[in-house]
Amino acid sequence: MSKSSAAAAGQTSRPLVSAWLYLLCFMIWIMVGIGGYTRETGSGLSIMNWDPIIGALPPMSTAAWNALFAKYQTISQYQILHKGMDLAGFKQLFWPEYIHRLWGRLMGVVLLLPLIVFALTGRLEKRLIPWLLLLFVMGGLQGAIGWFMVASGFFAGSTAVEPWRLSLHFSAAMVLYVSVLWTALTVSHPTPTAPFAQRGLQRLTMLAILLLFCTMFAGTFVSGTHAISVFDPAKSIGIGMPPPGYPHTSFLSDQATILFNHQALATLTTLVLLITATKALRSNAGAPIRDAGLAIACLVLLQFTLGVSALVSKMIDLGVAHQMNAVLLLTACILLLHRLRGATA
């Protein structure tokens with residue numbers, strides 16, 4: 001195949017390639033929900049080894065289940081939190097973590113196999129291949145970071161993973177998500193929008209994304225330390241007021257401080273996002289910009305509502321929905337930023 005025909009094949013295959021990348025984005029989004037549920041139910045320590053190949057299969061016999069359960073009984077989480085648990089109770093912990101790991105393996109297959117097929121059949125522009133290979137490596141690294149996180153839960157006296165490792169795992173997942181999403185958007189819309197006077201909106205969107213990322217990062221510490229458990233309006237904890245002793249309390253371990261920091265960041269981020277959305281809606285930049293702004297406005301209001309509801313109710317499902325909606329909100333912001341490519345002052 002000549003260079004010109006290969007380039008033409010790559011260009012005509014853009015809808016197929018972008019659909020594949022959007023599928024990967026969807027799978028990462030689902031993974032956020034699975035991972036959030038696994039964390040909130042304390043299921044993440046139920047599998048004590050990392051077997052990328054053999055671990056794809058669950059225990060297939062009673063003897064295998066008993067062996068895995070016996071291994072779980074040796075760690076501190078069982079001895080401190082679940083002493084006396086039976087095999088049925090262990091299985092309730094096992095399945096969310098198993099599905100979490102299985103979904104990660106499936107994502108690796110969905111990324112690698114089409115990448116090989118598309119590359120061999122000339123459906124990929126050559127400039128994309130090294131970048132997509134890097135994304136695959138990033139995905140593998142994410143699995144290694146996940147095990148690095150889980151391993152901290154096996155330390156003597158530990159009943160959960162270390163919060164900072166949880167934050168690292170989530171942050172790495174978001175970097176991968178944004179990278180895949182931006183690539184998908186660029187493949188489907190390779191030509192930047194004609195320049196228009198929206199540089200201010202572009203910079204404001206960048207600020208909003210940075211604040212949103214920081215808020216999401218702070219939220220992982222809320223999840224990792226179960227900080228919502230200290231919510232107590234009678235003591236002015238969790239209602240947006242600095243806790244007693246603030247700011248001389250620990251920002252990484254004091255639950256009331258962690259909860260307040262997340263709420264303060266969330267409030268600031270919500271205001272900036274609403275300003276960004278309003279500016280986009282009032283601009284004369286065209287329907288794609290206004291549509292992205294509308295999506296941001298709707299999702300940020302939903303995010304704030306879900307956050308307050310999860311805090312007050314302490315319902316796991318609302319907490320997971322809050323995490324997943326944060327990714328949708330980030331998606332809308334990235335979409336707006338991508339559509340602002342080529343903006344001029």
Side-chain angles (χ1 to χ4, degrees), residues 6 9-38 52-53 55-56 96-146 169-191 209 212-213 216 288 291-292 295-296 298-299 320-321 323-339 341:
Q11 292 175 4
T12 57
S13 298
R14 281 174 181 165
L16 177 62
V17 173
S18 62
W20 163 54
L21 294 172
Y22 286 130
L23 173 61
L24 285 169
C25 289
F26 174 76
M27 293 184 74
I28 296 174
W29 179 65
I30 293 296
M31 179 64 111
V32 170
I34 298 172
Y37 182 82
T38 300
I53 305 300
E97 174 64 7
Y98 172 76
I99 293 171
H100 182 58
R101 296 192 187 196
L102 184 64
W103 192 258
R105 292 181 176 95
L106 181 60
M107 286 195 300
V109 172
V110 171
L111 174 55
L112 183 59
L113 290 186
L115 172 57
I116 294 173
V117 172
F118 291 162
L120 292 178
T121 57
R123 295 181 179 275
L124 285 177
E125 298 174 66
K126 287 188 176 181
R127 61 185 180 85
L128 275 178
I129 295 176
W131 172 246
L132 292 172
L133 286 172
L134 177 60
L135 292 181
F136 177 74
V137 172
M138 289 171 62
L141 180 61
Q142 175 66 3
I145 293 174
H169 185 51
F170 180 80
S171 299
M174 289 301 95
V175 170
L176 177 61
Y177 177 80
V178 170
S179 299
V180 176
L181 176 61
W182 190 271
T183 305
L185 290 169
T186 303
V187 169
S188 57
H189 299 88
T191 304
I209 291 172
L212 178 57
F213 191 87
M216 293 168 71
D291 290 346
I296 290 173
C298 294
L299 288 168
V320 173
Q323 294 176 31
M324 296 183 74
N325 190 69
V327 181
L328 293 180
L329 179 55
L330 177 62
T331 302
C333 291
I334 295 298
L335 177 62
L336 176 59
L337 184 63
H338 193 271
R339 290 178 175 178
R341 290 180 305 159

- Query: Can any side-chain N or O of Trp20 pair as donor or acceptor with the backbone N or O of Leu115 at less than 3.5 Å?
  - Reply: no
- Query: To the nearest 0.5 Å, what is the distance between CZ (Phe213) and CG (Leu330)?
  - Reply: 8.5 Å
- Nearest non-hydrogen partners of Ala172 and Ile145, listed with the distance: CB-CD1, 3.9 Å
- In terms of heavy-atom contacts, Val320 and Gly36 come closest through CG2-C, 3.9 Å
- For Ser188 and Tyr22, the nearest pair of non-hydrogen atoms, with its separation, is OG-OH, 3.0 Å
- Message: Which residue is it: Ile116, Val117, Leu124? I am looking for the one with a side-chain contact (heavy atoms from CB on, under 4.5 Å) to Leu120.
- Response: Ile116
- Item | Check: Trp29 side chain, Met324 main-chain N or O, donor-acceptor pair, under 3.5 Å | yes
- Message: Please report the interatomic distance CE(Met107) to CG(Leu176), rounded to the nearest 0.5 Å.
- Response: 7.5 Å
- Task: Step through the shown structure and confirm whether more than 12 heavy atoms of other residues, nucleotides or ligands are within 6.0 Å of OH on Tyr37.
- Result: no
- Note on the structure: When every non-hydrogen atom of Leu299 is compared with those of Asn325, the smallest separation belongs to O-ND2, 3.1 Å
- Note on the structure: In terms of heavy-atom contacts, Cys25 and Tyr177 come closest through O-CE1, 3.3 Å
- Query: Under the side chain to side chain contact (heavy atoms under 4.5 Å, CB included) criterion, do Phe170 and Val32 qualify, and how do the steps go?
  - Reply: CA-CA 8 Å; Phe170 180 80; Val32 170; 4.1 Å; yes
- Going through the distances and angles, do Asp291 and Leu335 end up as a side chain to side chain contact (heavy atoms under 4.5 Å, CB included)? CA-CA 10 Å; Asp291 290 346; Leu335 177 62; over 6 Å; no
- Applying side chain to side chain contact (heavy atoms under 4.5 Å, CB included), run through Leu133 and Val137 and close with a yes or a no. CA-CA 6 Å; Leu133 286 172; Val137 172; 5.7 Å; no
- So do the side chains of Leu185 and Leu181 get within less than 4.5 Å of each other, counting heavy atoms only? yes
- What one should report as the nearest heavy-atom pair of Pro190 and Arg341 is O-NH1, 3.8 Å
- Query: Rounded to the nearest 0.5 Å, what separation is found between the CD1 atom of Ile34 and the CZ atom of Arg101?
  - Reply: 13.5 Å
- Query: Hey, is the main chain of Met27 close enough, under 3.5 Å, to the side chain of Trp103 for a donor-acceptor pair?
  - Reply: yes
- Gap between atom CZ of Arg14 and atom CZ of Arg123 - 0.5 Å precision: 14.5 Å
- Task: Any chance you could measure Leu135, atom CG, to Leu111, atom CG, to the nearest 0.5 Å?
- Result: 7.0 Å
- Task: Show your working on side chain to side chain contact (heavy atoms under 4.5 Å, CB included) between Leu132 and Leu21 and close with a plain yes or no.
- Result: CA-CA 10 Å; Leu132 292 172; Leu21 294 172; 4.0 Å; yes
- Task: Report yes or no: does Arg339 contribute a side-chain atom to a donor-acceptor pair with the main-chain N or O of Leu336 at less than 3.5 Å?
- Result: no
